[in-house]
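In this chain, numbering begins with 1 at the start of the sequence shown. What you are looking at is a predicted structure, and each value in this text was computed from that prediction instead of being measured.
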Amino acid sequence: MTIDVSSHTGFDLFLDPDTLELEAGNRLKFKRATRKAKVLMSVLQSPNTVSPDTDMYHVYYLEDTPDDLSSILDPRGLTYSAVLLPPQIIGREYVKTNGHYHPLIPGTSYGYPEVYTQLYGRLLLLLQKRNRADPGSPEDCVLIDMVPGVTVTIPPDYAHVLINPTNELALMAGLYNGGFKPDYGEIRQQRGLAYYIL
């Protein structure tokens, strides 16, 4: 039986909890990419407690859009994706995403923003403001409780990590500029953000 998350998207969207596929009818198509533990080893509190081939979370990229939606997103350089975190504990730490910063918008001194909306389940969103002079001492940390319908704009220069502290699936969607690559380097160098959620 599928889970209807349409009330928080503005279009028909369903999650199959058995196959973990997202279905949006004939209007949108998503391609799923699974993130394995091996890409998160440097940011986990206890990386030796999980096999590198363990599935950690899933990212759903917009693969095909109808013309009316493309005409809204494309001229603005926007794209839409979703992240699903199944329940899991690694050592004592709740499952999480890798975390990243966004690069600077060309011609400016601040990074790209992003808009997150919680679609299903509950996640914690950990934000950390970059200190360019001293990466080991962030300027600010914020923890936001994400429940269905909550929408948060990720401010420029804030790293962000999603954490599932529950025993159920949790699905979040993001709207952002599709023309940049996330910066994972600093987070990996620092072994994650300032806090591990245990």
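Put simply, CG on L126 and SG on C141 are 6.0 Å apart, with the number rounded to the nearest 0.5 Å. Once rounded to the nearest 0.5 Å, the distance linking OG of S81 with CD of E114 reads 7.0 Å. Note: L15 CG to D4 CG = 10.5 Å, rounded to the nearest 0.5 Å. Here the straight-line distance linking atom CG of L123 with atom CG of D145 works out to 9.5 Å at 0.5 Å rounding. Between M172 atom CE and Y57 atom OH the span is 10.0 Å, to the nearest 0.5 Å. Note that OG of S46 and CD1 of I89 are 12.0 Å apart. Values are rounded to the nearest 0.5 Å.
The hydrophobic clustering, which links ILVMFWY residues whose side-chain heavy atoms are closer than 4.5 Å, places L127 and V150 together. Note on L85 and L119: separate hydrophobic clusters, where clusters join Ile, Leu, Val, Met, Phe, Trp and Tyr whose side-chain heavy atoms are under 4.5 Å apart, directly or indirectly. If you chain together hydrophobic residues whose side chains sit under 4.5 Å apart, V142 and I187 fall into the same group. With hydrophobic clusters built from ILVMFWY side chains whose heavy atoms lie under 4.5 angstrom apart, Y176 does not share a cluster with L84. A single hydrophobic cluster is seen to contain both V83 and L124, as judged by linkage of ILVMFWY side chains at heavy-atom distances under 4.5 Å, directly or through other members.
With hydrogens and angles left out, the side-chain atoms of D140 and Y158 include a donor and acceptor closer than 3.5 Å. There is no side-chain donor-acceptor pair under 3.5 Å between S51 and D53.
Minimum heavy-atom separation, Y196 to E93: CD2-OE2, 3.2 Å. The two residues A159 and L193 have their closest heavy-atom pair at CB-CD2, 3.8 Å. The nearest pair of heavy atoms linking S42 to R188 is OG-CG, 3.3 Å. V152 approaches I144 most closely through the heavy-atom pair CG1-CD1, 3.9 Å. Between P17 and T2, the closest heavy-atom pair is CD-CA, 4.2 Å. Across N98 and V39, no two heavy atoms sit closer than the pair OD1-O, 3.0 Å.
Looking only at side-chain heavy atoms (C-beta outward), T54 and I90 stay at 4.5 Å or farther from each other. The side-chain heavy atoms of F14 and S6, taken from C-beta on, include a pair separated by under 4.5 Å. Proximity of F30 to L13: side-chain heavy atoms (C-beta onward) are separated by under 4.5 Å at one or more points. Residues V161 and K96 are in side-chain contact: their nearest non-hydrogen atoms beyond the backbone lie under 4.5 Å apart. Using a 4.5 Å heavy-atom cutoff, the side chains of L62 and L28 are in contact. Between R122 and P165 the shortest side-chain heavy-atom distance falls below 4.5 Å. The shortest distance between side-chain heavy atoms of P113 and I105 falls below 4.5 Å. Side-chain contact between T65 and S70 is present, with at least one heavy-atom pair separated by less than 4.5 Å.
R130 and E186 are joined by a salt bridge, as a carboxylate oxygen and a charged side-chain nitrogen come within less than 4.0 angstrom of each other.
Considering K29, R32, K31 in turn, R32 is the only one that fulfils the salt bridge (Lys or Arg N to Asp or Glu O under 4.0 Å) rule with E21.
In this structure, Y80 has its ring center under 6.0 Å from that of F11. Taking the centre of each ring, Y116 and H160 come in below the 6.0 Å mark.
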Worked verdict on V5 versus Y120 for side chain to side chain contact (heavy atoms under 4.5 Å, CB included): CA-CA 7 Å; V5 298; Y120 181 77; 3.8 Å; yes

Derivation of the side chain to side chain contact (heavy atoms under 4.5 Å, CB included) call for K36 and V50: CA-CA 10 Å; K36 304 278 189 184; V50 65; over 6 Å; no

Pair R35-D55, salt bridge (charged side-chain N to carboxylate O under 4.0 Å, His left out): steps then yes or no: CA-CA 6 Å; R35 298 289 187 260; D55 291 353; over 6 Å; no

Full working for side-chain hydrogen bond (donor to acceptor under 3.5 Å, both in side chains) between Y61 and T79: CA-CA 9 Å; Y61 295 103; T79 191; over 6 Å; no

Worked verdict on Q118 versus H8 for side-chain hydrogen bond (donor to acceptor under 3.5 Å, both in side chains): CA-CA 8 Å; Q118 188 68 18; H8 302 299; over 6 Å; no

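A 6.0 Å sphere centred on CZ of R191 holds more than 12 heavy atoms belonging to other residues, nucleotides or ligands. Within 6.0 Å of CG in N167 there are 12 or fewer heavy atoms belonging to other residues, nucleotides or ligands. By the 6.0 Å contact criterion, CG on D67 is open, its count of non-hydrogen atoms from other residues, nucleotides or ligands being 12 or less.
The aromatic rings of H58 and Y60 are tilted relative to each other, their planes meeting at an angle between 30° and 60°.
Although no hydrogens or angles enter the test, the distance criterion places a donor-acceptor pair under 3.5 Å between the side chain of H102 and the main chain of Y112. Looking at N131, its side chain does come within 3.5 Å of a backbone N or O of S137 through a donor-acceptor pair.
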